[in-house]
Number of protein chains: 2
Amino acid sequence: MAGENPGSGTSHGADGVGESALLARMLPHLRTGPSVEVGPGDDAAVVRLPSPRLVVTTDTLVEGHDFLLHATSPRWIGHKAAVQNLADVAAMGARPVALVVAVSAPASTPAAVFEELTASLAARAEDDGAHVVGGDLGRAEQLILTVTAMGALPEDQAPVVRSGARPGDVLALGSPHLGRSAAGLALVLAGRVRTRETRVVLEGITDPDAADLVRWHDAPEPDLSLGWTVGRTAHAMMDLSDGLIRDGGRLAAASDATLDLEGGALRGDVDALASLADELGEDPWQWVLHGGEEHAMLAAFAPGEVPHGFRPIGRVLPPTAAGPGVLLDGNPVAGEGFDHFG
Amino acid sequence: MAGENPGSGTSHGADGVGESALLARMLPHLRTGPSVEVGPGDDAAVVRLPSPRLVVTTDTLVEGHDFLLHATSPRWIGHKAAVQNLADVAAMGARPVALVVAVSAPASTPAAVFEELTASLAARAEDDGAHVVGGDLGRAEQLILTVTAMGALPEDQAPVVRSGARPGDVLALGSPHLGRSAAGLALVLAGRVRTRETRVVLEGITDPDAADLVRWHDAPEPDLSLGWTVGRTAHAMMDLSDGLIRDGGRLAAASDATLDLEGGALRGDVDALASLADELGEDPWQWVLHGGEEHAMLAAFAPGEVPHGFRPIGRVLPPTAAGPGVLLDGNPVAGEGFDHFG
């Protein structure tokens, strides 16, 4: 790729290193396995999938929109970029196999940032058995990572799509907690967070769990393996990216159903965040119902068949006269979750 | 994905449309085929590959670095993003099957830009038999597209990597012209180009081919099918992204060989650009030897086995005492091509 910017061929990073030198710091972190026939460094990678039924998803993190550099760390950015993509593969009932990553950044970006992003992305992928097999490096006005994650479905397994929920199903969540990422985000947006490397420094916050919430927001750690293990038996599944109500609405619409959330099942999530919400003057129900970036599995199972690792949080009903949607204890819920262009 | 920016939940695009409305304009352009088991709209796409040997590559175009909006069009940006990724799959000897695209853009970006990008990306992919099966939409300070292209290798076919060139091979190019993209870029960088939709308006240029060169730069149209047809017989192959000398140096290094370019074989390319180069006060040899973004196939074949569609431009020799590298008629070549961080 050549640059349109006349200056781009002569500019230097803060460390004075060029593209080749950056790659030399990044590539050693990409450990491949026996499934990787051709790894980074050629025109494309070649990876042997367990089946020819490719599962693929792509997602981007943009500085200033999806993270603020002063409130996270390059290691967490790489981790989060991995998680949000691995979660989408897992939510189809497939195990991730390979990832590619495109990183664009200002020329002034220290080489260590590229290295830490790469190392953490690769390490988090490997935690779930996947390898980073290729990438692209370029310049932009802010730091941007686009990750594409790939897996495969066995020949005898249907993809677990969003449209399979049936009235009578139990709606279940593959996480013991909900709303933590939103609580962490609230701390960031309130200007209470500074990070030093991967240490969270909080200003004027007494809640002893607050640092963990910021860390969960910056580097969420949902159990994604639920997707390609017990989640395979779900009638419908997705990962929670944009909040329970908004994402639930998508599952409801795809399934032409109503999801009726049980307030009592979410009470523990709300109570766990109540003290911090009180300090910040916020409503913990907002975090639990509308908070995004949890990346936990949301699934509908046949009654009595909710597997270990999932907990019931509601049930699937036929669509109401108003059409498919999400209710809380039978009542409509205000608010719509997050929209990039809304 | 939730946004860190407190304003991002309430801002509006120039057309006042939200994410859902943008998707409603983009998704109808993504026509899928029988290989697409799950298309856009779920957590991930599911695509049946012709074999489980996945070939994958990713590449990014960034406004201000890889294109200037006043000198191209959204249709060409989508086209180019497709070509540069399809070319990398083709250069492995594989036919592209599927693409995913992540688009990030300012909130003020007109909806028509998203729609035209998507339509042209999908159309160009379909020209080579591939489908856009998924994507991601988000905000950034400038327009950014990251495309990931995927294909598959038949079980009985080795990937055509960069490292297979052998002394005695013929170096060949899968394009009748070289340097056109660089000539078009030179016109852009000289400030002579304005586009209106897909019409090129030139200021103070008399060369009758100049508009075609800008168009080639903005929307190159190399014959990529050479990669997965006759290119499969190559000992080594890559696509020309960063210039003949720089990319040739990569192939030479991977193969531990010297590439000796034949000046006479490139004379026609230079002569075709000489008039414009004269007008701009530039050296057409620079465009031919160092110009990037042609995306034509560069390959090494056994002597006497250069297939139709490729033309010989040099030969492969053992490495010199100085190591592997690229020569022109036996002599070293000055200049190094493009480096994003160089």
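Since the model is a prediction, treat every value here as computed from it, not as a measurement. Just so it is clear: chains get the letters A, B, ... in the order the sequence lines come, proteins before strands, and each one is counted from 1.
For the set B:Val46, B:Asn85, B:Val89, the count of heavy-atom pairs under 4.5 angstrom toward chain A peaks at B:Val46. Of the residues considered (B:Val97, B:Leu240, B:Asp239), B:Asp239 shows the highest number of contacts with chain A, using heavy-atom pairs under 4.5 Å. Of the listed residues (B:Ala91, B:Ser181, B:Ala140, B:Gly134), the one with the most heavy-atom contacts under 4.5 Å to chain A is B:Ala140. Counting heavy-atom pairs under 4.5 Å between each of B:Val160, B:Leu54, B:Thr57 and chain A puts B:Leu54 at the top. Taking B:Ala87, B:Ser51, B:Ser35 one by one and counting their heavy-atom pairs under 4.5 Å with chain A, the maximum is reached by B:Ser51. With chain A as partner, the option from B:Leu153, B:Thr58, B:Val101, B:Thr146 having the largest number of non-hydrogen pairs under 4.5 angstrom is B:Thr58.
Looking at B:Ala152, neither its backbone nor its side chain comes within 4.5 Å of chain A, counting heavy atoms on both sides. The contact between A:Val38 and chain B is made entirely by side chain atoms (from C-beta outward), counting heavy-atom distances below 4.5 Å. Contact of A:Glu294 with chain B is not made at all, since no heavy-atom distance falls under 4.5 Å. Only the side chain of A:Ile144 comes within less than 4.5 Å of a heavy atom of chain B; its backbone N, CA, C and O stay farther away.
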Determine, stepwise, if the pair A:Glu141 / B:Glu63 fulfils side-chain contact (heavy atoms from CB on, under 4.5 Å).
CA-CA 10 Å; A:Glu141 306 329 313; B:Glu63 177 187 346; over 6 Å; no
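The line from OG of B:Ser241 to CG of A:Asp136 is 9.5 Å long, rounded to the nearest 0.5 Å. Rounding to the nearest 0.5 Å places CZ of A:Arg53 at 4.0 Å from CD of B:Glu37.
Contact record, A:Arg246 with B:Ser20: NH2-OG, 4.3 Å, taken as the closest heavy-atom pair. Residue B:His65 comes nearest to A:Arg139 through the heavy atom pair CD2-O, 3.4 Å, listed as atom of the first residue, atom of the second, then distance. In this structure, B:Asp88 and A:Ala44 approach most closely via the heavy-atom pair O-CB, 3.7 Å.
Panel note: side chain B:Asp42, backbone A:Val161; no donor-acceptor pair is recorded below 3.5 Å.
Results of the side-chain contact (heavy atoms from CB on, under 4.5 Å) test with A:Asp43 over B:Met237, B:Met297, B:Met238 single out B:Met238 as the only residue that passes.
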